[in-house]
Visitor: 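I am attaching a structure below and will ask some questions about it afterwards.
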Protein chains: 2
Amino acid sequence: MASGKRDQLIDTALDLFCQNGFHATGIDKILEKAGVARMTLYNHFKSKDELILATLRRRDEKFRNWFMRSVERRAASPQERLLAVYDTLQDWFSDAAFSGCMFINASAEFGAPDDPIHLASAEHKVLVLKYLRELATAIGVRHPDELADELMLLMEGAIVMCYVAGDPGAASRARSAAEKLIRSHLKIEAPIAD
Amino acid sequence: MASGKRDQLIDTALDLFCQNGFHATGIDKILEKAGVARMTLYNHFKSKDELILATLRRRDEKFRNWFMRSVERRAASPQERLLAVYDTLQDWFSDAAFSGCMFINASAEFGAPDDPIHLASAEHKVLVLKYLRELATAIGVRHPDELADELMLLMEGAIVMCYVAGDPGAASRARSAAEKLIRSHLKIEAPIAD
DNA sequence: GACGATATAGACCGATCAGTCTATAAATTT
DNA sequence: AAATTTATAGACTGATCGGTCTATATCGTC
């Protein structure tokens, strides 16, 4: 293992950043909880921002992996999977450690659009959207990307309403709205390919 | 004017908190930009958190006022107004100083659900939702609260996708999704009152 | 056993943090 | 004009910030 300490640092930072935010989490807290020496951190990362970027990359990988697995375990057909997205959201929201979307939170703290941390957050959202596009394409609708965009809005809205407004029912409401939007798109027949 | 300095402090803090975040904005920066002495701040506010709460209250008041005025100026019928919500969002997003939703950002930095700052953010979202409920009720739909919840998800989703993912088209996509959801609700006739 | 890489503890840096205190000076009210 | 409130500049606190440096120690590899 070339970088066991590096992994420890990222995992610990992931916890702390999610719990307490980025600016509010000092390097010292991370070192203490990870049980790692100061210079070990700075041998692996040039700066705190680099550590933040590394945690975002790990979070993106873990989250999307978990998310897609959960959706695909729940349902087999593309249409059912698009709805399973919101059941999976429900699971996420129900987790005691749920602390909102790390990428929305990161964008809040690093607001400059060209900040690497903000850009990494944007990239995560693009990748999630891409997944919805795949599912939407698979159900053979006339405008799959449009449908995916709309379902994405419901997903992000649910995250916000659950986290900020403390509404635990946001996911199921998003689900029923998604049903209506999907139905609406299915009525517009796809043209016969020639 | 009993509190000209107090107002200056709140307005300045509002700018800086939106631009740079809460933790990243030091008291000294606010004092310098506001041109106000240190003790003047602490005579008006017990702590930085109290100042943050005051800025959130002002932001809530200014934003909702602007928002509702804009919606009502744009359209007269409740149904058109529900769609004008998303045109108003578009205006907001197009502002060069757009820096996301201050309340979403505040919740990101003050994540504890019982934190007064988080609670104030939740309250803002509830008040916006209430406004959507009024509009939804006025169009005589069978389940107005349900429709309002769904439109709220689209609104919050648009804010996130525009700010985090940098998608300037989020508002118009939300608008077309809203059309579909409203149409879907209008098909379920309201019962005749007796 | 020797070597090079990796990790260690902890001192140290200048800067900044939120918040307190004091003594003076404006501005309002009476 | 006198009295009271409000604001001022700036020193000061103790804590924390991100980051650097050094000297020692542990580790895997040859």
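Residue numbers start from 1 in every chain, and the chains themselves are labelled A, B, ... in the order their sequence lines are given, proteins ahead of strands.
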Visitor: Looking at B:Lys48, I'd like to know whether one of its side-chain N or O atoms comes within less than 4.0 Å of OP1 or OP2 on C:dA18.
Guide: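 Yes, such a contact exists.
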
Visitor: Should the side chain of B:Arg38 and the base of C:dG19 be counted as holding a donor-acceptor pair, with the cut-off at 3.5 Å?
Guide: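 Yes, the side chain and the base share a sub-3.5 Å donor-acceptor pair.
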
Visitor: Check the angle between the aromatic planes of A:Phe22 and A:Phe17 and answer parallel, tilted or perpendicular using the 30° and 60° thresholds.
Guide: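 Answer is tilted, since the angle falls between 30° and 60°.
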
Visitor: Any side-chain N or O of A:Lys46 under 4.0 Å from OP1/OP2 of D:dG19?
Guide: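 Answer no for this pair, as no side-chain N or O of A:Lys46 is under 4.0 Å from OP1 or OP2.
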
Visitor: Which label fits A:Phe98 and A:Trp92: parallel for a plane angle under 30°, tilted from 30 to 60°, or perpendicular past 60°?
Guide: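 Rings of A:Phe98 and A:Trp92: perpendicular, as their planes differ by over 60°.
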
Visitor: For A:Ala75 and A:Arg81, work out which heavy atoms get closest and say how close.
Guide: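 In terms of heavy atoms, the two residues are closest at O-NE, 2.6 Å.
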
Visitor: With a non-hydrogen cut-off below 4.0 angstrom, is A:Asn43 in contact with a base, only sugar-phosphate, or nothing?
Guide: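 Nothing: the residue A:Asn43, judged by heavy atoms under 4.0 Å, touches no strand.
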
Visitor: Under 4.0 Å: is that the gap between some side-chain N or O of B:Thr40 and OP1 or OP2 of D:dT8?
Guide: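 Yes.
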
Visitor: Any side-chain N or O of B:Lys29 under 4.0 Å from OP1/OP2 of C:dT16?
Guide: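 Answer is no, no contact under 4.0 Å.
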
Visitor: Using heavy-atom distances to pick each residue's nearest nucleotide on DNA chain D, tell me which of A:Ile27 and A:Met39 is more 5'.
Guide: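 Residue closer to the 5' terminus by nearest nucleotide: A:Ile27.
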
Visitor: So, A:Asp167 and B:Lys125, do they make that salt bridge, N to O below 4.0 Å?
Guide: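 No salt bridge links A:Asp167 with B:Lys125.
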
Visitor: Taking only heavy atoms on the protein side, list every residue of residues 6-26 of chain B lying under 4.0 Å from any atom of DNA chain C, sorted numerically.
Guide: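 Within this stretch, B:Thr25, B:Gly26 sit under 4.0 Å of the strand.
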
